[in-house]
Amino acid sequence: AKSKEAAALAGDADGLRATIARLERENGAQEAELRRLRAEAEARAGAHATELRAQAARVEALEAEHAKSTEAHASAVDGLRRRHDEERAQSEVRRRDSLSEMDARLLGVQQGAEADLKGRDETIVRLRGELEGLRAELDAERDRFAAAALAAAAGGDKVP
């Protein structure tokens with residue numbers, strides 16, 4: 001999931017770079033055209049007053065277009081940066097949520113294992129107690145039979 005998000009972010013970044021490069025090329029071309037038109041207008045100023053006015057109008061239109069294009073470019077770049085930042089923040093939130101979920105699951109597994117071990121320990125203690133009781137009963141039974149056998153051997157009684 002991280003690699004997909006990284007690839008998507010890299011794709012967005014590549015797209016942003018390509019858009020910026022294209023807009024900068026357009027911007028440079030418009031600036032070059034603007035410089036060319038101004039130089040031509042100055043050279044023809046004396047002989048071509050009417051043409052000069054037309055060229056001046058064209059220059060003004062290009063300047064307005066250039067300003068509008070530059071503003072649109074800046075706005076597009078800002079929008080792409082904001083979107084990139086928002087996506088990065090959302091990705092971080094998803095990553096933190098995923099880690100919190102994993103921590104909660106691990107805690108549940110750990111608590112279950114601890115409870116299981118405690119239950120096993122209690123069972124072992126109980127079984128050891130039962131075993132000791134059975135051993136004590138067996139020892140007592142053995143002692144009783146041994147005493148009865150000795151008594152029978154000494155007195156001729158039957159072993160019960």
Quick one: do E71 and K68 make a salt bridge, cutoff under 4.0 Å?
no
Test: R82 and E86 ion pair at under 4.0 Å:
no
Taking only residues two or more places apart in sequence or in another chain, which ones pass side chain to side chain donor-acceptor pair (under 3.5 Å) with E26?
R22
side-chain contact (heavy atoms from CB on, under 4.5 Å) partners for T70, two or more places apart:
N27, H66
CZ of R105 to CG of L107, rounded to nearest 0.5 Å, is 12.5 Å
Listed by chain and number, what are the side-chain contact (heavy atoms from CB on, under 4.5 Å) partners of R96, not counting sequence neighbours?
E92, V93
With the threshold set at 4.0 Å, does a side-chain nitrogen-carboxylate oxygen contact exist between E5 and R94?
yes
Sorted by chain and residue number, the salt bridge (charged side-chain N to carboxylate O under 4.0 Å, His left out) partners of R25 (sequence neighbours excluded) come out as none
Please enumerate all residues that pass side chain to side chain donor-acceptor pair (under 3.5 Å) together with Q111, with sequence neighbours excluded.
none
With sequence neighbours excluded, tell me which residues meet side chain to side chain donor-acceptor pair (under 3.5 Å) with R88.
D85
With ILVMFWY side chains joined below 4.5 Å, transitively, what does I20's cluster contain besides itself?
L16, V77, L80
Salt bridge (charged side-chain N to carboxylate O under 4.0 Å, His left out) against R81, all qualifying residues, sequence neighbours excluded
none
Can you tell me how far apart CZ (R144) and CD (E137) are? Round to the nearest 0.5 Å.
12.0 Å
Just jot down the side chain to side chain donor-acceptor pair (under 3.5 Å) partners of Q90, sequence neighbours excluded, or say none.
none
Applying side-chain contact (heavy atoms from CB on, under 4.5 Å), can you list everything that pairs with E87, at least two apart in sequence or on another chain?
L9, D12, R83
Set of residues satisfying side-chain contact (heavy atoms from CB on, under 4.5 Å) with respect to E114, sequence neighbours excluded:
Q110
Could you measure the distance from the NE2 atom of H73 to the OG atom of S69? Nearest 0.5 Å is fine.
8.0 Å
Below 3.5 Å, can you tabulate the donor-acceptor pairs from side chains in residues 121-135 to any protein atom, sequence neighbours excluded?
unit_1: T123; atom_1: OG1; unit_2: G119; atom_2: O; d: 2.9
unit_1: R126; atom_1: NH1; unit_2: E130; atom_2: OE2; d: 2.9
unit_1: E132; atom_1: OE2; unit_2: R135; atom_2: NH1; d: 3.2

